[in-house]
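Counting starts at 1 for both ligands and their atoms, in listed order.
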Amino acid sequence: MKFSTLSPALLGLVLSVQAYSVEYTTETGYFLQDERSTDASTFDYTAVNFGLINRTYPADSHLKKHRNYTQWERFYHQVQKLNEDSPKSVEYKVLFLGRHGEGYHNAAETFYGTPAWNCYWAELDGNSTATWKDATLTSAGIAQALKANTFWQKEITEQRIHTPDNYFVSPLTRTLQTANYTFTGLNLPDGSADFKPLIKELFREGISIHTCDHRRSKSHITNLFPDWPIENGFSEEDELWNGVTAETSSAQDVRSSTALSQVFFTSASSKKEAFVSVTSHSGEISSILRVVGHRAFSLSTGAVIPVLVRAERKGRGQKPVASSSIAWTASAHCTAPPVTSVSACVCPSSAVPVTTPLVTDL
Ligand SMILES: *[C@@H]1O[C@H](CO)[C@@H](O)[C@H](O)[C@H]1NC(C)=O
Ligand SMILES: *[C@@H]1O[C@H](CO)[C@@H](O)[C@H](O)[C@H]1NC(C)=O
Ligand SMILES: *[C@@H]1O[C@H](CO)[C@@H](O)[C@H](O)[C@H]1NC(C)=O
Ligand SMILES: *[C@@H]1O[C@H](CO)[C@@H](O)[C@H](O)[C@H]1NC(C)=O
């Protein structure tokens, strides 16, 4: 796999972007996370009803008067009404963007410190006691996903929340595990969609030279979760990670935008499938938030953010940008453990940063 070129299969995926463009905006005024005054670093989505603001909605007046509705019921009704009242070219969806629980790579970054992690340790498969290539969840990470599971169940019981109509998950092991622990065993309301997440390449983490961004094979994923569908065109081996160059933010945003175009306007019932779960990564969720015009909101491991997104199809004939046309950048790193007592990466003694992969095996 050479630098920034994409596999024919993935290129096909990227270029299958419809011949219209889609403009995304975040509808604010519904969630605390949209407000400038909310501090992401201390925010706990489980303490405040996912951040749903207590308020009335224009659509409330259409509800039957003889029963009490919860905030989440009224919000769902409001979203339905927004969809009903908008033209075919407009769709509203609530994206529940969930970050995976803590993985061994997160623990190792904390252990070694970010500069040393980035310039040396992250390029290895692990150390003598831990493995972080396509990292699995630590016990703390599993606990975070189970906390999300408990919270969803509470929201189902107390708020009668509408559960996701569609589930998507990144193919990296930590997100597969997180989605599984979060949604398995929930007592879903009658008529709700089964939890059968679609494994989607384009929802993976930003692809750096770190081995934690190198996914396992399709066969491995299928063995781990045999009942889960994998999108068409998903390659057996990871054809995007190369250990030398890293996807840039602009390339990633094009990829995220392409991924979203495969979530919105998908079928005749797309407007009715308004709640969508995406289990992904901090960098990828940041990219999705940029694409939908949400303010930056960084999630701690295992956290979830709901976002009400308005998507509008614009015109035809706009040429889609393939992410392969945006160059990736080479990332220099050390070949031996760096000097760790500095804030930037300094390789030991006379060593010069290189851009050749430290680990080339699969
Ligand atoms: C909404 O009100 C309930 C109590 O009625 C409270 O428990 C909850 O935290 C409030 N939510 C927000 C986001 O303020
Ligand atoms: C609705 O809730 C209020 C306050 O909790 C309660 O007094 C009222 O009886 C409820 N109405 C119905 C129809 O359940
Ligand atoms: C390997 O990395 C982990 C962090 O993931 C750390 O806890 C452990 O102590 C390290 N092992 C060695 C031998 O340094
Ligand atoms: C999936 O989640 C269930 C329920 O928490 C758990 O028992 C099972 O071990 C998990 N499977 C994997 C492959 O992690």
Side-chain angles (χ1 to χ4, degrees), residues 46 96 98-157 163-164 167-188 192-199 205 208-230 277 279-282 300-302 304 333-341 345 348 358-359:
T46 65
F96 290 86
R99 183 183 177 194
H100 61 80
E102 184 195 70
Y104 282 95
H105 64 308
N106 300 122
E109 179 170 352
T110 304
F111 179 76
Y112 291 109
T114 298
W117 167 252
N118 283 337
C119 76
Y120 179 70
W121 296 99
E123 282 76 71
L124 304 179
D125 287 351
N127 61 17
S128 59
T129 54
T131 301
W132 51 71
K133 178 184 171 185
D134 186 22
T136 55
L137 297 182
T138 64
S139 54
I142 293 174
Q144 289 165 335
L146 292 174
K147 175 181 165 177
N149 175 273
T150 304
F151 182 64
W152 270 105
Q153 189 58 63
K154 176 174 177 273
E155 292 289 79
I156 292 167
T157 309
T163 53
Y167 298 84
F168 297 93
V169 61
S170 142
L172 289 153
T173 303
R174 56 194 180 274
T175 36
L176 299 171
Q177 287 182 291
T178 300
N180 173 57
Y181 286 115
T182 300
F183 294 109
T184 300
L186 290 177
N187 186 10
L188 294 173
S192 47
D194 286 344
F195 169 59
K196 281 273 186 313
L198 180 66
I199 299 166
E205 180 57 306
S208 73
I209 63 170
H210 299 181
T211 60
C212 57
D213 296 327
H214 192 179
R215 76 158 166 83
R216 286 178 169 82
S217 67
K218 182 179 179 179
S219 318
H220 176 91
I221 295 169
T222 310
N223 280 335
L224 200 57
F225 295 107
D227 298 338
W228 295 4
I230 303 191
S277 165
T279 307
S280 185
H281 308 260
S282 63
S300 51
T301 44
V304 183
H333 56 83
C334 309
T335 53
V339 177
T340 56
S341 59
C345 179
L358 282 188
V359 179

Would you say Y112 contacts ligand 3, with heavy atoms under 4.0 Å as the rule? yes

In short, salt bridge (Lys or Arg N to Asp or Glu O under 4.0 Å) pairs touching residues 140-153 with sequence neighbours left out are D44-K147

Output the set of protein residues with a heavy-atom contact under 4.0 Å to ligand 4, ordered first by chain identifier and then by residue number. N180, Y181, T184, F225

Atom pair CG/CD of N149 and Q144 - distance to nearest 0.5 Å: 14.0 Å

How many angstroms lie between atom CD1 of I221 and atom NZ of K218, to the nearest 0.5 angstrom? 9.5 Å

What atoms of ligand 3 come within less than 4.0 Å of a heavy atom belonging to T129? 1 (C), 8 (C), 10 (C), 11 (N), 12 (C), 13 (C)

Heavy-atom donor-acceptor pair, Q177 side chain to L137 backbone, under 3.5 Å: yes

Identified side chain to side chain donor-acceptor pair (under 3.5 Å) counterpart of E102 within the set T301, T138, T110, T178: T138

Do W152 and F96 have their ring centres less than 6.0 Å from each other? yes

One should read off an interatomic distance between S192 OG and L186 CG, to the nearest 0.5 angstrom, of 9.5 Å

Hey, is ligand 3 close enough to W132 that some N/O pair sits below 3.5 Å? no

As an exercise, identify every atom of ligand 3 less than 4.0 angstrom from a heavy atom of Y104. 5 (O)

d(I199 CD1, L172 CG) to nearest 0.5 Å is 11.0 Å

Nearest non-hydrogen partners of A122 and W132, listed with the distance: CA-NE1, 4.1 Å

Examine the proximity of ligand 3 to A108 and report which part, side chain or backbone, both or neither, has a heavy atom under 4.0 Å away. both

Which atoms of ligand 3 sit under 4.0 Å from any heavy atom of S128? 13 (C)

